[in-house]
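The chains referred to below are lettered A, B, ... by the order of the sequence lines, with proteins before strands, and numbering in each begins at 1.
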Number of protein chains: 2
Amino acid sequence: MRTPGSLELDVLVAVAQHDGSAYGLLVRRAVSTARGSELSVGAAYTTLSRLEAKGLLSSRSTEPLPVRGGRSRREYRLTAAGREVLAAERERAGRRWGGSPQWGQA
Amino acid sequence: MRTPGSLELDVLVAVAQHDGSAYGLLVRRAVSTARGSELSVGAAYTTLSRLEAKGLLSSRSTEPLPVRGGRSRREYRLTAAGREVLAAERERAGRRWGGSPQWGQA
DNA sequence: GGGATTTGTTCTACAATGTAGGACACATGC
DNA sequence: GCATGTGTCCTACATTGTAGAACAAATCCC
């Protein structure tokens, strides 16, 4: 499996942090916050959809909430494969940055 | 500036680790080792070239070495912008993985 | 000299990911 | 009904990832 792109990784992390109750607009907000810049709505959904197609996420539909405008959501959670990828990326980040710290601080 | 892709980041790190004496095939070897899988020659050069076009790397040509097949190399080094990007990515990785470690370990 | 071999770079084409915008759906409030 | 709030999907295009072949220039060795 090819290593996930940078946005895909952000989305995986956001889903992991809200596992089971993560949905499109929430993920968008979380990723936007993490990046410090707005992620477009379209980018969020496209990425979620691609991650599900790759088998890293699964989703189900929920009942609409009885609040103003509240409607049915698609909630995502990590699959086992998704958790493995996330763990592998975490390790990789550790190796990438953890070694000698003499480079990387402008 | 858009955040660099995953391969671009690998290449930046490889160049940083050999700053001033990093050249195409060396970078290719370093990235391949870091990833645990062979990076194609074309991918290595394409990425170096794009990073230079973005102003994160600069390059100069060297004299050929007096060894079997040794010929002129294009040696890369980080620009100030490149070092900044690297530092920013390092910080970002810290925030991404450093928070609560309850997710990310399969 | 000249082919085989080694080291190194460049070019071209295509696949995967990143991104934005608009269209669509369906709740509630009035 | 229709304005408004929440949520999703679709389409198009830009950027990045990837591989392979072509090319260049040096040494080796007959």
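- Looking at B/Glu84, its side chain never comes within 3.5 Å of a backbone N or O of B/Ala81 through a donor-acceptor pair.
- Atom-to-atom distance recorded for B/Leu26:CG and B/Ser21:OG is 6.5 Å, nearest 0.5 angstrom.
- If A/Leu9 and B/Tyr45 are placed on DNA chain C by their nearest nucleotide, the residue sitting closer to the 5' end is B/Tyr45.
- Closest contact between the side chain of B/Glu8 and the listed nucleotides D/dT16, C/dC11, D/dT8 involves D/dT16.
- Base contact: A/Val41 has a heavy atom under 4.0 Å from a base atom.
- Residues A/Glu75 and A/Thr46 both approach DNA chain D. Their nearest nucleotides, taken by heavy-atom distance, put A/Glu75 toward the 5′ side.
- At the heavy-atom level, B/Ser49 lies nowhere under 4.0 Å from the strands shown.
- A/Arg73 comes within contact range of the sugar-phosphate backbone alone, with a heavy-atom separation under 4.0 Å but no base atom that close.
- Residue A/Lys54 has no polar side-chain atom (N or O) positioned under 4.0 Å from OP1 or OP2 of C/dA16.
- Note on B/Arg29: nothing from the nucleic acid sits closer than 4.0 angstrom, heavy atoms only.
- In this structure, the side chains of B/Leu7 and A/Thr3 stay at 4.5 Å or more apart for every pair of heavy atoms.
- A close approach under 4.0 Å does occur between a side-chain nitrogen or oxygen of A/Arg74 and OP1 or OP2 of D/dC9.
- For A/Leu65 and A/Leu7, each mapped to the nucleotide of DNA chain C holding its nearest heavy atom, the one lying further toward the 5' end belongs to A/Leu7.
- Formation of a donor-acceptor pair under 3.5 Å by the A/Thr62 side chain with backbone atoms of A/Arg73 is found in this model.
- In this structure, B/Gly5 reaches the sugar-phosphate backbone alone: every heavy-atom distance under 4.0 Å involves primed, P, OP1 or OP2 atoms, never a base.
- Residue B/Arg71 is classed as a base contact, given a heavy-atom separation below 4.0 Å to a base.
- Within the 4.0 angstrom heavy-atom criterion, base atoms lie near A/Leu25.
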Would B/Ser59 and B/Glu52 count as a side-chain hydrogen bond (donor to acceptor under 3.5 Å, both in side chains) here? Give the steps. CA-CA 8 Å; B/Ser59 71; B/Glu52 186 171 21; 2.8 Å; yes
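- Residue-level contact check: A/Arg68 touches the bases, meaning some heavy atom is under 4.0 Å from a base atom.
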